[in-house]
Peer 1: 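Attaching a single structure in structure tokens format; questions to follow.
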Amino acid sequence: MGREFLSLFDHWASSYDDTVNGHDEQYEEVFRRYPAILKEIVERSGENVLEFGSGTGNLTAALVAAGKQVFGVEPSNAMKTAALQKGLPNVFHDGDFLSFPAPPFDVDTIVSSYAFHHLTDEEKKQAIHIYSNILHSDGKIVFADTMFQNQAAHHAEINKAKAAGFDQLADDLETEYYPSIDVLKEIFEEEGFSMSFHQMNDFVWIVEAKKRERRNERMF
Ligand SMILES: C[S@@+](CC[C@H](N)C(=O)[O-])C[C@H]1O[C@@H](n2cnc3c(N)ncnc32)[C@H](O)[C@@H]1O
């Protein structure tokens, strides 16, 4: 589910790391500070991490280097192969944000970078509901992704991309499901999370959502 953009990644796998390293002019701002973005996620993570959309394994590698136990979920075989060619331990499993095997450990943090926007807002809601049931009360979600303050900000970036002749970026911003921060806030709040947002470049924000203690429903 939510796998509609998969063929794109099967084709992009061999050159994906060139893009994140700033070699594609259209995506230069999207991936500006990429290493710092991954580092922020690692620093905000606990010890037992479930990662979605691990791609070529860049975040996975940083998590593993920091001594975390990682269970990676990635639907694209080509991306998984590219990750394994780097000599990373095979912590990758077939699956997606909504349907995935159970990790063999108690997950304290769920992470993802540059991937959650592949789900529609309705699917994002389903995903956060699933994660709310997986995490204990002190667990958290740390996602980095392109998102916008509101629809006007989203449209402004599409127009900017078109004016710069960045047609691929403009098309991407128009067709994938980049969320507005207000929508994400609503989804996380409904599922019992309190959250903070941190902007990393013109496109990418990190959202850290902590599961709130469930309030005692009984009145005394
Ligand atoms: C832009 S790449 C990001 C890769 C990596 N996380 C990074 O930061 O470089 C997006 C990744 O999400 C994966 N993806 C696409 N749809 C997905 C889904 N529904 N569930 C999980 N991963 C998905 C793609 O196959 C791809 O590997």
Side-chain angles (χ1 to χ4, degrees), residues 1-24 26-45 49-65 68 70-86 88 91-101 103 109-131 134 141-147 168-169 171-173 175-179 200-201 203-207:
M1 293 236 280
R3 291 181 175 217
E4 67 191 276
F5 300 106
L6 211 53
S7 64
L8 182 100
F9 289 100
D10 286 336
H11 291 113
W12 195 7
S14 58
S15 62
Y16 179 78
D17 281 348
D18 290 337
T19 308
V20 306
N21 289 325
H23 295 161
D24 181 340
Q26 299 205 24
Y27 285 88
E28 207 176 321
E29 178 59 25
V30 174
F31 288 103
R32 187 168 62 79
R33 305 187 63 217
Y34 179 74
I37 290 167
L38 304 190
K39 187 163 175 264
E40 275 288 330
I41 300 176
V42 174
E43 285 174 356
R44 292 167 188 272
S45 295
V49 182
L50 170 58
E51 181 191 7
F52 288 102
S54 33
T56 59
N58 296 325
L59 175 59
T60 324
L63 289 162
V64 168
K68 320 274 185 196
V70 185
F71 189 91
V73 174
E74 169 55 54
S76 159
N77 278 333
M79 292 298 259
K80 272 202 291 268
T81 303
L84 291 173
Q85 279 167 352
K86 294 176 176 170
L88 283 170
V91 297
F92 306 106
H93 303 267
D94 185 38
D96 56 60
F97 277 107
L98 295 171
S99 174
F100 51 93
T109 314
I110 300 177
V111 303
S112 181
S113 52
Y114 292 86
F116 199 43
H117 65 271
H118 295 112
L119 301 191
T120 63
D121 286 350
E122 189 49 45
E123 288 167 335
K124 289 184 189 86
K125 209 166 159 173
Q126 289 171 32
I128 302 304
H129 181 71
I130 295 169
Y131 308 156
I134 290 176
I141 295 171
V142 186
F143 283 177
D145 205 357
T146 290
M147 55 188 84
Q168 194 186 342
L169 175 63
D171 184 56
D172 178 355
L173 293 173
T175 50
E176 302 195 9
Y177 307 117
Y178 297 103
M200 299 301 289
N201 62 34
F203 293 90
V204 175
W205 293 68
I206 288 181
V207 53

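Order of listing sets the numbers, starting from 1, for every ligand and every atom in it.
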Peer 1: For a quick check under 3.5 Å, do T19 and W12 share a side-chain donor-acceptor pair by atom type?
Peer 2: yes
Peer 1: Can you check which of F31, Y114, Y34, F52 brings a heavy atom nearest to atom 7 (C) of ligand 1?
Peer 2: Y34
Peer 1: Can you list everything that forms a ring-ring contact (aromatic ring centres under 6.0 Å, His included) with Y34? Sequence neighbours excluded, please.
Peer 2: F31, Y114
Peer 1: For S54, counting its heavy atoms only, list the atoms of ligand 1 lying under 4.0 Å from any of them.
Peer 2: 5 (C)
Peer 1: Regarding ligand 1, does L6 bring an N or O atom to under 3.5 Å of one of the ligand's N or O atoms?
Peer 2: no
Peer 1: Keeping Q26 on the side-chain end and Q168 on the backbone end, is there a donor-acceptor pair under 3.5 Å?
Peer 2: yes
Peer 1: Which ligand 1 atoms, with their elements, are less than 4.0 angstrom from a heavy-atom of F97?
Peer 2: 18 (C), 20 (N), 21 (C)
Peer 1: Show which atoms of ligand 1 fall inside a sub-4.0 Å distance from at least one heavy-atom site of S113.
Peer 2: 3 (C), 5 (C), 6 (N), 7 (C), 8 (O)
Peer 1: Any idea which part of A144 is under 4.0 Å from ligand 1, heavy-atom wise: side chain, backbone, both or neither?
Peer 2: neither
Peer 1: Is any side-chain heavy atom of I206 less than 4.5 Å from a side-chain heavy atom of R44?
Peer 2: yes
Peer 1: Need the ligand 1 atom indices (1-based, order shown) with element for anything under 4.0 Å from a heavy-atom of S76.
Peer 2: 25 (O)
Peer 1: Sort and list the pairs that fulfil salt bridge (Lys or Arg N to Asp or Glu O under 4.0 Å) and have at least one residue in residues 13-24, not counting sequence neighbours.
Peer 2: D17-K86
Peer 1: Output the list of atoms in ligand 1 that are nearer than 4.0 Å to some heavy atom of G55, sorted by atom number.
Peer 2: 4 (C), 27 (O)
Peer 1: Please work out which of E123, E74, E176 has its closest non-hydrogen atom nearest to atom 27 (O) of ligand 1.
Peer 2: E74
Peer 1: Mind checking whether Y178 and H117 have parallel, tilted or perpendicular rings, split at 30° and 60°?
Peer 2: parallel
Peer 1: Is there side-chain contact between F52 and F100, with heavy atoms separated by less than 4.5 Å?
Peer 2: yes
Peer 1: Quick check: D96 and ligand 1, any N/O pair under 3.5 Å apart?
Peer 2: no
